[in-house]
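Sequence positions, counted from 1, serve as the residue numbers for this chain. Everything quoted here is computed from the prediction, not taken from an experiment.
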Amino acid sequence: STTTIGGYLATRLEQIGIKNHFVVPGDYNLVLLDKLQENPNLDEVNCCNELNCSFAAEGYARANGVAAVVVTFSVGAFSAFNGIGSACGENLPVILIAGSPNTNDPHDHNLLHHTIGTYDLDYEFEMAKKITCAAVQVKHAEDAPRLIDHAIRECLSKQKPCYIEIPTNMSAVACAPPGPIEGVLQQLPSEENTLKAAVDAAAELINSRLKPILLAGPKLKCAGAQHAFLRLAESLGCAVAVLPSAKSLFPEDHPQYVGVYWGQVSTKKADAILEWSDLTVCAGCIFTDYSTTGWTSLQPAAHRLEADFDNVKFPNHYYGQIKLKDFLDALADKVTRNDSSMEEYQRIRPSPTLVQAAEPTALINRKEMARQIQQLIDSNTTLFAETGDSWFNGILMDLPHGAKFEAEMMWGSIGWSVPASFGYSMAVPDRKIITMVGDGSFQVTAQEVSLMVRLKKPIIIFLINNYGYTIEVEIHDGPYNNIKNWNYAALIEAFNAGDGNARGYQVKTGGELAEAIEKAKSNLHGPTLIEVQIHRDDCTSELITWGHYVALANARPPK
Ligand SMILES: Cc1ncc(Cn2nnc(CCOP(=O)(O)OP(=O)(O)O)c2C)c(N)n1
Ligand SMILES: [Mg+2]
């Protein structure tokens, strides 16, 4: 039997666990969309534009482990590149599928619509190569299975996005049917001798130190190494801190949890204990200017053991071709228990700050808003924090067991959280989702709330209206940080268009906020947008400190 190239791709997407693919139709991908629709186990989800599509797929991948977005040539793909850039920086396997011009056009020397007006139609493919781990163009049917499988295999094994370009006249062409999916899922295992050498050397280093500590990084997730990390933590018995981009990858109710390590804007004095230790065992960590508060909190290399996605390094040692999960699991069986950093931490652990409820009739402020959002977070909640002061409000939240935290701290594109939380909700419909997003970010992708209305997603959106780009104000202010205010709550009526179930509230006091939250809790058939109006300078003190050091890092004179 045979299948078509579009059918082959549909089967592969289904076999790797995709149920929803995110699309914006365009004449270069319509036949392909039909072929995907013919697969009963795939449901397309339309987004308002390809930027939102790519962010929704990025969010879907955060919950589902892999995602796919289907766009049309150039005009679609160029917008989708923003979300693919995010997937690349955030280590998420998102498959970007682009419909492209008829294979005869280059030979016929035709100029085409949806192009930059050139005869060379490979520019998109060349661009995609830069932001994916594999990019293919399916121009011949006998090559389709190999190219499609290659792109998907690379995407899954490297946990990075890939690009599959399918000309409009190829989707319905016959090709060989897919072989067993195992051939696509197969991954290179850790090399045994290297793994043993790495674990022995690392155990020797850790066992030789007086007060080691563990630091969790974001790649624990894409490496599937969270449980192995927990095992290592419990066998070592030391204090465990997390980078801001790894919040919720280690349970915050765990007795060894000491907070978010973010330099001077750390939580729970994690910086005090980490900087007291004599070895930081970093697992899946990514140290950037933002995650090190302008490089002020990057530990010296002599002080760090870095276990990364597929390699381990520490002073005078490097081991490649080993998987993080295998390394942490094996190390857990080799380290000697050493809880000195926990003993010390018991002496400096700050007592939990009890925030008093504000007077209900008093004007709402950031602190009261955060206090009320904190109460909303339970074990089934995923909290999305958008770039902005929402990062800091989110990082400061305490997560009960099972609660999750999603932020885009490498790519940091404003507008990500609305489509990303929508895409995430498509993968895990039973999860409770709270999105914290600033007014500036909301203006980038606001229209995706209408898809939450259409698909009846009860996402609670806290739109923090501080009248401008406050995170930018704290880094470097200027007239460009002032934006046109919207009546955000009124947008909901526009998006409902008479038959939606979304609700919108504008709140000015703590009492109004509490009422709006109660109404949000009972709105199970659509999103609830709560616009919280606070003073533009009412931001976290952490943002002010962090912004200062990031600005200093940005200002370094050229060498
Ligand atoms: C796509 C994209 N364009 C510009 C930026 C720079 N940027 N980062 N944060 C902002 C402003 C965020 O403002 P809001 O969402 O209102 O957040 P806060 O006022 O800080 O709560 C900008 C303009 C960015 N991070 N992403
Ligand atoms: Mg703002």
Side-chain angles (χ1 to χ4, degrees), residues 59 63 355 357-358 360-361 363-386 388-390 393-394 396-400 402-406 417-426 428-439 441-442 445-466 486-497 499-534:
V355 181
T361 57
L363 276 184
I364 187 79
N365 61 29
R366 186 204 61 75
K367 216 166 150 204
E368 173 61 11
M369 173 193 72
R371 186 190 68 80
Q372 292 196 33
I373 294 174
Q374 173 68 69
Q375 290 177 332
L376 204 47
I377 301 172
D378 65 20
S379 60
N380 185 37
T381 301
T382 299
L383 175 65
F384 275 76
E386 175 68 85
D389 199 31
S390 297
N393 283 311
L396 288 164
M397 294 290 166
D398 289 324
L399 301 182
K404 296 176 192 261
F405 181 77
E406 294 289 353
S417 64
V418 170
S421 53
F422 164 63
Y424 186 98
S425 72
M426 292 308 296
V428 281
D430 298 334
R431 195 120 185 116
K432 198 167 115 179
I433 296 169
I434 298 172
T435 299
M436 294 169 69
V437 53
D439 52 327
S441 299
F442 185 76
T445 52
Q447 69 278 88
E448 222 52 27
V449 173
S450 64
L451 273 305
M452 297 179 186
V453 176
R454 182 190 213 184
L455 295 173
K456 303 186 182 319
K457 292 295 172 185
I459 294 169
I460 302 178
I461 301 170
F462 288 96
L463 196 151
I464 300 148
N465 188 359
N466 53 17
W486 294 358
N487 179 343
Y488 297 98
L491 271 181
I492 292 301
E493 271 329 295
F495 291 148
N496 274 337
D499 63 358
N501 299 304
R503 294 180 190 159
Y505 304 101
Q506 222 168 49
V507 301
K508 291 188 175 61
T509 67
E512 288 170 5
L513 177 58
E515 256 175 64
I517 287 176
E518 282 317 303
K519 293 204 184 95
K521 280 177 177 171
S522 63
N523 182 18
L524 304 179
H525 304 291
T528 302
L529 184 141
I530 303 175
E531 176 192 344
V532 186
Q533 298 180 342
I534 59 175

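Side-chain contact check for Leu376 versus Lys521: some heavy-atom pair is nearer than 4.5 Å. Asp389 is not listed as a side-chain neighbour of Ile464, based on a closest heavy-atom distance of 4.5 Å or more. Taking 4.5 Å as the limit, every side-chain heavy atom of Lys404 sits out of range of all side-chain heavy atoms of Leu383.
Partner Gln372 forms a side chain to side chain contact (heavy atoms under 4.5 Å, CB included) with one of Val532, Val507, Val355, Ile517 and no other, that one being Ile517. Screening Arg503, Glu448, Met452 for a side chain to side chain contact (heavy atoms under 4.5 Å, CB included) with Pro527, the sole residue that qualifies is Met452.
Here Phe384 pairs with Trp416, Tyr424 under the ring pair (Phe, Tyr, Trp, His ring centres under 6.0 Å) rule; sequence neighbours left out. Applying the side-chain contact (heavy atoms from CB on, under 4.5 Å) criterion to Ala358, with sequence neighbours excluded, gives Glu368.
The closest side-chain donor-acceptor pair between Thr381 and Asp378 falls under 3.5 angstrom. Side-chain contact of Asn487 with Gln506: a donor-acceptor pair under 3.5 Å is present, judged by distance alone.
Asn501 contributes no side-chain N or O that, together with a main-chain N or O of Leu524, makes up a donor-acceptor pair within less than 3.5 Å. Formation of a donor-acceptor pair under 3.5 Å by the Asn380 side chain with backbone atoms of Asp430 is found in this model. Using modelled atom types, no side-chain atom of Ser441 and backbone atom of Gly438 make a donor-acceptor pair closer than 3.5 Å.
Between Val453 and Asn496 the shortest heavy-atom distance is CG1-OD1, 3.5 Å. Between Phe442 and Leu491, the shortest heavy-atom contact is CE2-CD1, 3.7 Å. Across all their heavy atoms, Ser417 and Met436 have their closest contact at OG-O, 4.5 Å. Taking every heavy atom of both residues into account, Ala520 and Ile460 meet most closely at CB-CD1, 3.9 Å. Here the closest non-hydrogen pair linking Gly504 and Ala489 is C-CB, 3.9 Å. Residues Met369 and Leu513 share a closest heavy-atom pair of CA-CD2, 3.7 Å.
Expressed to the nearest 0.5 Å, how far NZ of Lys367 lies from CD1 of Ile534 amounts to 13.5 Å. The line from CZ of Phe405 to CG of Leu399 is 7.5 Å long, rounded to the nearest 0.5 Å. A distance of 13.0 Å separates CD of Glu406 from CD of Glu386, quoted to the nearest 0.5 Å. Summarising the geometry, atom CG belonging to Leu463 is positioned 10.0 Å from atom CD belonging to Gln533; distances are rounded to the nearest 0.5 Å. In this structure, the separation between CD on Glu512 and OG1 on Thr361 is 10.0 Å, given to the nearest 0.5 Å. In this structure, CG in Asn365 is found 11.0 Å from OG1 in Thr509, a value given to the nearest 0.5 Å.
The salt bridge (Lys or Arg N to Asp or Glu O under 4.0 Å) contacts involving residues 450-464 comprise nothing, where partners must be two or more places apart or lie in separate chains.
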